[in-house]
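Comments concern the structure below.
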Amino acid sequence: MKRNKRLTLTILIINIVMFIILIFLPNIMIKYVKITEPLKLLFNILLFFIPSYVAFLFYYIAKRHNANIKTLMFILNILTFLCSIIITITFNLSNIIISETSNIKNYMKFDVYVNRLCSKEMFPRKILSSATEIKYFYRYRGGIDQNYDIFLQYRLSEEDYNKEKNRIITLYPNLKRTESSINNDFIDYYLFYGNTSYTFVSFSEKEFTIKYIDSYNVNFNEDNIPYFMQVK
């Protein structure tokens, strides 16, 4: 029976280690944690430990009938590994935990993946002193298909507006210009627009307002629309 007990505890330890490596560590690196579906998160965590529940059930049955469950535990070890992988994939696909902030104090402080891929040079290094009516939004969805949204909008003094517009045009001399499809008061200068990537700057000469948009969205659907298409 001591062997049965050791095997049962081994299953539990393997299950915990798999949980830490596959679920806990990847998500603890997220900067601005937001749990989109708390109940679904709890369900997934409970589901992850199914092999441990079964192991303790086998141990209880074996103890009552004075049986050896070595073979069953070996099978359960394999199931633990397979179950962990399957649940991890499901967990990552569901985007239960995302990184999201609209606090301007977090401006330009991105998750590792976003920091590596986004067009940081397009955005101003810091918010200009004359800026008013500031809107900022950042969201990162991890998992298998990683998506991100960065949005900044503000109104500037005429002088700062012209300086910032010149900086952008100088930085990207081949920017394509078009009237905004979202707001007629704006003119869009874009690097990428369509499919999965939306990277552009919008200027309003009338309001001295600038919008910066950098969005990478693999799973474009009605439940996962880029932020700039939703904001008014």
*Can you measure from CD (Gln153) to CZ (Arg155) and round to the nearest 0.5 angstrom?*
10.5 Å

*Determine the sole option in Glu164, Glu159, Lys165 for which the side-chain contact (heavy atoms from CB on, under 4.5 Å) test with Tyr161 is passed.*
Lys165

*Is any side-chain heavy atom of Ile127 closer than 4.5 Å to a side-chain heavy atom of Tyr154?*
yes

*CG of Asp214 to OG1 of Thr199: how many Å apart, nearest 0.5 Å?*
4.0 Å

*Measure the CD1-CZ distance between Ile213 and Phe200 for me, rounded to the nearest 0.5 Å.*
4.0 Å

_Trace of the side chain to side chain contact (heavy atoms under 4.5 Å, CB included) decision for Leu152 with Ile210_ = CA-CA 8 Å; Leu152 173 67; Ile210 304 177; over 6 Å; no

*Could you tell me the separation between the OH atom of Tyr212 and the CE atom of Met122, rounded to the nearest 0.5 Å?*
8.5 Å

_Just so I know, are the side chains of Tyr113 and Leu117 near enough to count as touching, which here means a heavy-atom distance under 4.5 Å?_
yes

*asked:* Could you check whether any side-chain N or O of Thr170 sits under 3.5 Å from a backbone N or O of Ile168, counting only pairs where one atom can act as donor and the other as acceptor?
replied: no

*Rounded to the nearest 0.5 Å, what's the gap from CZ on Phe203 to CG on Leu156? Could you check?*
10.0 Å

*List the atom of Pro124, the atom of Tyr107, and the distance in Å for their closest heavy-atom pair.*
O-OH, 2.5 Å

_Taking side-chain hydrogen bond (donor to acceptor under 3.5 Å, both in side chains) as the definition, give me every residue that meets it alongside Thr101, ordered by chain and number, with sequence neighbours left out._
Asn106

*What are the two closest non-hydrogen atoms of Glu121 and Leu171, and how far apart are they?*
O-CD2, 3.3 Å

_Side chains of Tyr148 and Cys118, heavy atoms from C-beta outward: is any pair under 4.5 Å?_
yes

*Gap between atom OH of Tyr216 and atom CG of Asn147 - 0.5 Å precision*: 7.5 Å

_Quick check on Leu46: does its CG atom have over 12 non-hydrogen neighbours (other residues, nucleotides or ligands) under 6.0 Å away?_
yes

*asked:* Assess the residue pair Asp111 and Lys31 against the criterion (salt bridge (Lys or Arg N to Asp or Glu O under 4.0 Å)); give the C-alpha distance rounded to whole Å, side-chain angles, the decisive distance to 0.1 Å, and a yes or no.
replied: CA-CA 6 Å; Asp111 292 274; Lys31 271 189 174 293; over 6 Å; no

*Short side-chain to backbone donor-acceptor contact, Ser99 and Tyr32, under 3.5 Å*: yes

*So do Lys120 and Asn115 actually touch side chain to side chain, heavy atoms under 4.5 Å?*
yes

*Is it true that Phe110 and Tyr138 have ring centroids separated by less than 6.0 Å?*
yes

*Would a hydrophobic clustering, with Ile, Leu, Val, Met, Phe, Trp and Tyr connected at side-chain separations under 4.5 Å, put Val112 with Phe123?*
no

*Would you indicate whether the side-chain heavy atoms of Ile98 and Arg139 approach each other to under 4.5 Å?*
yes

